Protein chains: 2
Amino acid sequence: MTRRTAGPLYQRIADDLRARIQDGSLPPGAKLPTELALAKEHGVTRATVRQAVQLVVNEGLVVADRPRGHFVRKIERITYRPQEEWRERPDFPELDQFMDEQVELGRDPHQTIAVELTAAPPDVAARLGLDSIGTVVVRRRVRYLDGVPFNTNDSYYPLDLVEGSEIMLPADIGRGANQVLAELGAEQTHAVDEIEIRMPSPDEAERLEIGLGVPVAMHRATGYTADGRPVRVVRNVLPGDRHLIVFERSRGRDSTTPSSNAHP
Amino acid sequence: MTRRTAGPLYQRIADDLRARIQDGSLPPGAKLPTELALAKEHGVTRATVRQAVQLVVNEGLVVADRPRGHFVRKIERITYRPQEEWRERPDFPELDQFMDEQVELGRDPHQTIAVELTAAPPDVAARLGLDSIGTVVVRRRVRYLDGVPFNTNDSYYPLDLVEGSEIMLPADIGRGANQVLAELGAEQTHAVDEIEIRMPSPDEAERLEIGLGVPVAMHRATGYTADGRPVRVVRNVLPGDRHLIVFERSRGRDSTTPSSNAHP
DNA sequence: CAGTGGTCTAGACCACTCG
DNA sequence: GAGTGGTCTAGACCACTGT
């Protein structure tokens, strides 16, 4: 942490706040001094203090809880393992995988499911190899943990592949949508995971109750059958303050250089 | 894009800017109207316009290029494949892998290398299984593409493992540090990749020339030998506007559930 | 009701780049 | 030298929360 001794006033005030957070005198969850108090302390107007506070808010260090005050952000991440979707499931699971794992950890998960028929958005169409009029089935899920929205999970399937199947029903699929796909003759043997880091759109921020200063990961997974046909695209939006993405890899032949069907 | 018809003025102005960016009337690279022009257009003061502009800047949609004006951000990402570090390399490579791949793509890469001996930072110590006084060798690299800093790559090795080896020299290792480790009797057979999404610290922002509104991914890779001993931790800081992280996976036994040595 | 942050105005001066 | 955004002041009113 480089301490500034010159430069704009608001930067110096922000430096001071960061230092207090880092050295523990303002621990996670602590309430910051009020804007008025900071103004008096530094001999500036409230407007200048607000610039400083805005800065640390946009860095994700501090959250505004209006009108109680500003507080040091508490961060608690769950581990998100894209590879686990291919883990063996119990023979008669009652919940889907996300729910299942979280219950094991003593959390209270639930999710909303909506199914929709639309034209494939461009990124999905490109990965599914569909032309511009390709119709897809989308399963949109919002997942909650202890009442807080945690991530969104939108799965896209070519309509002709899943028409009439369980995938089109807005309900949990205990054995997993991938299992249903396999039963439909489209078993997936490999997948490509893409992770894009950016700030959320206003829509995403609202849907996931994301505050300022929290970026998201857009995780896209494209699943392929043995003959290289893409049969599924999943778009996950993961708020950065609530997720740690984990992959494991071995030096085996099949997990290093699959070489084909790579996107983009 | 939900258009607002009520609410704070600056939000409405920001909505208007977003809409113009999304519908193409302000394409990537285009110059926004000046703050004064926007103020007149919307019948508000410059301070209010600045709030609106700050918002879209912090969303990463717009960059300030002072004092020329504000411009719509152009985003161009390179593909970053953690698994590729285990790709077969040419017998007599002259450059390291990052450089090599980028030259193939017609870019001009270079990197700075500094080697340092320090106590292991807590996150590294935890992953290497070292106690609080464990000493490590750090190879710090900053990688540039066409003169722009692209990412940082700090590799940590237990001192007793690499002492006296090529790893301690601040120069490119054509055949790769992993190959050197193997020659030292510490061949890695599997690894855990962790990806954390957050806003950059002021230090990181400066080192990587990151503007407001650009989050980073912290990618940590921990490499293990066949007997499960961690021998290397790499910390990569990847600015979100310049990277797309890609993994590929097969449904084979070894790439799905390695189960042991997982962090955290 | 008091205290907090959120929004907005009106104005001032500065540093830097470009023509 | 004109024009841009960056910084800062002084003041006002509002909406919401907790007591």
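Convention: sequence-line order gives letters A, B, ...; per-chain numbering from 1. This structure is a prediction, so every number in the text was calculated from the model and none was measured.
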Interatomic distance where [atom1] belongs to [X] and [atom2] belongs to [N] [whole Å]:
X     : N      : atom1 : atom2 : answer
A:L9  : D:dA10 : CG    : C1'   : 16 Å
B:L38 : C:dT9  : CG    : P     : 14 Å
A:H42 : D:dT9  : NE2   : C1'   : 17 Å

With [X], which residues qualify under ring pair (Phe, Tyr, Trp, His ring centres under 6.0 Å), at least two apart?
X      : result
A:Y156 : none
A:Y10  : none
A:H110 : A:Y144
A:Y157 : none

request  = Could you point out which residue of A:R141, A:R139, A:R143, A:R207 forms a salt bridge (charged side-chain N to carboxylate O under 4.0 Å, His left out) with A:D154?
outcome  =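 Single salt bridge (charged side-chain N to carboxylate O under 4.0 Å, His left out) partner of A:D154 among A:R141, A:R139, A:R143, A:R207: A:R207.
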Salt bridge (charged side-chain N to carboxylate O under 4.0 Å, His left out) against A:D123, all qualifying residues, sequence neighbours excluded =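 A:D123 satisfies salt bridge (charged side-chain N to carboxylate O under 4.0 Å, His left out) with A:R220, A:R235 once adjacent residues are dropped.
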Partners passing salt bridge (charged side-chain N to carboxylate O under 4.0 Å, His left out) against B:D23 (at least two apart in sequence or in another chain) =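 B:D23 satisfies salt bridge (charged side-chain N to carboxylate O under 4.0 Å, His left out) with no residue once adjacent residues are dropped.
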request  = For B:V53, answer base if it contacts any base atom (sugar-phosphate contacts may also be present), sugar-phosphate if it contacts only those atoms, and nothing otherwise; contact means non-hydrogen atoms under 4.0 Å.
outcome  =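 Touches nothing.
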task = Name all residues meeting the side-chain contact (heavy atoms from CB on, under 4.5 Å) criterion together with A:P170; count only those two or more places apart in sequence or in a different chain, and write none if there are none.
result =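 Here the qualifying residues are A:I113, A:V115.
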ask   = Under 4.0 Å between a side-chain N or O of B:T48 and OP1 or OP2 of C:dT9?
value =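 Yes.
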Collect all protein-nucleotide pairs involving nucleotides 4-6 of chain C in which both atoms are nitrogen or oxygen and the distance is under 3.5 Å.
| from | atom 1 | to | atom 2 | distance (Å) |
| --- | --- | --- | --- | --- |
| C:dG5 | OP2 | A:E35 | N | 3.1 |
| C:dG6 | OP2 | A:R50 | NH1 | 2.7 |
| C:dG6 | OP2 | A:R50 | NH2 | 3.3 |
| C:dG6 | O4' | A:R66 | NH1 | 3.2 |
| C:dG6 | N7 | A:R46 | NH2 | 2.7 |
| C:dG6 | O6 | A:R46 | NH1 | 3.3 |

request  = Take the C1' atoms of the five end pairs on each side of the helix from C:dC1-D:dG18 to C:dC18-D:dG1, derive the two axes, and give their angle rounded to 10 degrees.
outcome  =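 The end axes of the helix from C:dC1-D:dG18 to C:dC18-D:dG1 are about 10° apart, to the nearest 10°.
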